[in-house]
Amino acid sequence: MTQSRTAALFSSLSLRVLLALALGLAAGAAAQTYGIPGGTGTVALIEGLGQLWLNALRMTIIPLVFALLVTGIASIADAAATGRLALKTVVVFALLLVGATAYGIAASEGLHALWPIDPEGARLLLAGTSGDQVVRENVGGGGLGAFLTALVPPNPVAAAAEGAILGVVVFAIIFGFATTRLPDRLRQPLTVFFEAVAETMIVIVHWVLRAAPIGVFALSLGVGLHTGLGAAGVLGHYIALVCLSLIGLILLTYVVALAFGRLSLGRFAAAVAPAQVVAISTQSSLACLPVMVERAIDRLGVSPATAGLVLPLAVAVFRITSTVANLAVCIYVAHLYGIPLTPGVLIAGAVTALAISVGTVGLPGQVSFFASIAPIALAMGLPLEVLPLLLAVEVVPDIFRTIGNVTADLAVARIVEGRDADGEAEAAH
């Protein structure tokens with residue numbers, strides 16, 4: 001399946017899932033008022049279907065995260081080993097990702113302080129989720145010692161079985177770097193194996209997401225049955241806060257491009273605008289790659305060699321909006337449940353978010369939403385039961401995710417090119 005067909009498929013799926021959410025809330029509200037045929041038996045059946053769909057998504061988390069981290073680290077190590085330009089690119093990626101992660105935490109917490117969740121709306125929304133009373137033990141609750149202990153699991157298999165995702169992530173990172181030290185005859189088949197595992201899990205996620213309208217309808221009907229339409233306001237508030245966090249990141253990316261790429265605002269804005277338009281229509285960074293290469297060379301003074309290396313690598317492993325948006329979702333869930341966010345919890349979330357950003361696939365958000373956010377939520381000790389409702393409205397934040405990614409990709413291309421492009425840039429303008 002081509003990238004354009006994949007993007008079209010999941011754009012259509014996003015609309016169907018959003019419609020299923022609206023219909024489920026409306027049907028649940030109507031059933032609350034007028035009753036439902038079969039009474040509690042029907043309600044239990046519908047909620048069971050929703051939980052079945054949620055469990056089908058959850059079963060892919062551990063193998064998918066592990067496989068993506070191993071292959072992602074291998075690809076970065078291979079790129080960095082190809083030369084000075086690739087190594088410089090990877091360093092710029094790392095610095096920007098760390099900065100974006102720090103910004104993401106500060107922005108989300110700041111937005112919640114300025115515009116908190118309505119307590120009554122939160123109560124109504126959680127009243128309809130099956131796991132609203134299940135709050136996992138917070139990794140930061142035991143202080144710094146407990147956090148450090150959780151970083152390296154004594155038994156990685158047991159950690160995976162218990163959902164101790166932070167330890168699994170750290171083990172996967174160590175395992176991934178260890179594979180880069182193997183001779184080619186051992187490293188290549190091992191990498192191919194994990195690539196196959198990741199692709200297999202993605203196929204399963206595709207299958208499960210094809211049933212997303214049914215799963216989301218079942219889950220949202222349960223919410224509507226308990227709360228009526230009172231939860232809709234919280235979902236709107238959620239969309240607004242995540243989008244505001246991403247818009248702030250995009251504006252900061254312009255500042256970074258101007259400061260380190262030595263560009264004028266008008267020139268950079270004109271150069272990235274066509275790529276941003278494609279990002280809005282496709283919600284896929286990979287689909288934006290051809291126009292990004294063209295704009296980088298023609299408008300930003302980036303050499304074809306630099307554009308040909310930096311931009312494909314950026315699409316593969318550099319998603320600057322990933323940590324910001326994923327942490328915004330998890331911080332929202334924490335505030336929704338009233339779970340305190342201690343420094344240890346935020347550090348655990350940040351470390352996991354950084355690792356996940358390397359491994360997530362460059363596909364529309366409906367594919368990667370759960371696989372990206374659930375591990376961070378588990379690392380922060382947050383319940384997962386509300387995530388399917390947030391997945392249903394991901395179509396709006398996902399637009400800003402993709403816009404932010406392509407904007408940062410072009411900024412990095414210009415920054416990596418550095419002084420070597422100055423003469424060409426002036427000649428072109």
Side-chain angles (χ1 to χ4, degrees), residues 3-22 100 103-104 107-108 111 205 209 212-213 216 232 234-254 257 268-292 295 311 314-315 318-332 353 356-357 360-373 387-411:
Q3 180 65 29
S4 59
R5 288 180 61 193
T6 302
L9 170 64
F10 284 99
S11 177
S12 173
L13 176 64
S14 298
L15 295 177
R16 295 201 304 272
V17 170
L18 194 59
L19 180 61
L21 173 68
Y103 158 81
S108 291
L111 285 169
V205 171
L209 285 176
V216 169
V234 176
L235 294 176
H237 181 259
Y238 158 79
I239 294 172
L241 260 59
V242 175
C243 289
L244 286 172
S245 295
L246 290 169
I247 290 170
L249 177 67
I250 293 169
L251 295 177
L252 281 177
T253 303
Y254 277 79
F268 183 68
V272 302
Q276 292 172 334
V277 171
V278 177
I280 293 171
S281 61
T282 64
Q283 298 173 42
S284 170
S285 297
L286 187 57
C288 300
L289 183 58
V291 70
M292 283 197 291
R295 302 303 287 185
L311 291 172
V315 169
F318 178 61
R319 280 165 286 276
I320 196 170
T321 61
S322 175
T323 59
V324 174
N326 293 346
L327 284 169
V329 175
C330 292
I331 289 173
Y332 197 94
I356 294 300
S357 72
T360 50
V361 291
L363 291 172
Q366 291 285 354
V367 178
S368 59
F369 179 88
F370 200 86
S372 300
I373 293 172
L387 290 186
L389 300 181
L390 305 184
L391 182 150
V393 296
E394 171 65 11
V395 59
V396 180
D398 192 42
I399 293 173
F400 291 96
R401 284 179 183 253
T402 314
I403 293 173
N405 284 335
V406 300
T407 304
D409 291 348
L410 285 167

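Here the structure is a predicted model, which is why all the values come from computation and not from measurement.
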Side-chain touch Arg401/Glu394, heavy atoms, less than 4.5 angstrom:
yes
Leu311 to Asp409 - nearest heavy-atom pair and separation:
CD2-O, 3.5 Å
How close do Ala20 and Pro213 get, counting heavy atoms only, and between which atoms?
CB-O, 3.2 Å
Less than 4.5 Å apart, any side-chain heavy atom of Leu391 and any of Ile373?
no
Side chains of Ile403 and Ile280: does their closest heavy-atom pair fall under 4.5 Å?
yes
Residues in side chain to side chain contact (heavy atoms under 4.5 Å, CB included) with Pro290, at least two apart?
none
Within the side chain of Arg295, is there an N or O that forms a donor-acceptor pair under 3.5 Å with the backbone of Ala270?
yes
My understanding is that only residues two or more places apart in sequence, or in another chain, count here; which of them pass side chain to side chain contact (heavy atoms under 4.5 Å, CB included) with Leu251?
Ile247
Residues in side chain to side chain donor-acceptor pair (under 3.5 Å) with Asn405, at least two apart?
Thr321
Who passes side chain to side chain contact (heavy atoms under 4.5 Å, CB included) against Leu252, sequence neighbours left out?
Tyr103
Which residues pass the side chain to side chain donor-acceptor pair (under 3.5 Å) test with Tyr238, sequence neighbours left out?
none
Excluding sequence neighbours, so at least two apart, what forms side chain to side chain donor-acceptor pair (under 3.5 Å) with Thr407?
Gln276
Check side chain to side chain contact (heavy atoms under 4.5 Å, CB included) between Ala411 and all other residues, then give those that pass, not counting sequence neighbours.
Thr253, Ala257, Phe268
Quick check: closest heavy atoms across Ile320 and Ala100, and the distance to 0.1 Å?
CG1-CB, 3.6 Å
Any Val272 side-chain heavy atom under 4.5 Å of Tyr254 side chain:
yes
Between Asn326 and Ser322 (side chain of the first, backbone of the second, donor and acceptor by atom type, cut-off under 3.5 Å), is there such a pair?
yes
With the side chain counted from C-beta on, respond yes when Leu235 and Leu390 share a heavy-atom pair under 4.5 Å apart, and no when they do not.
yes
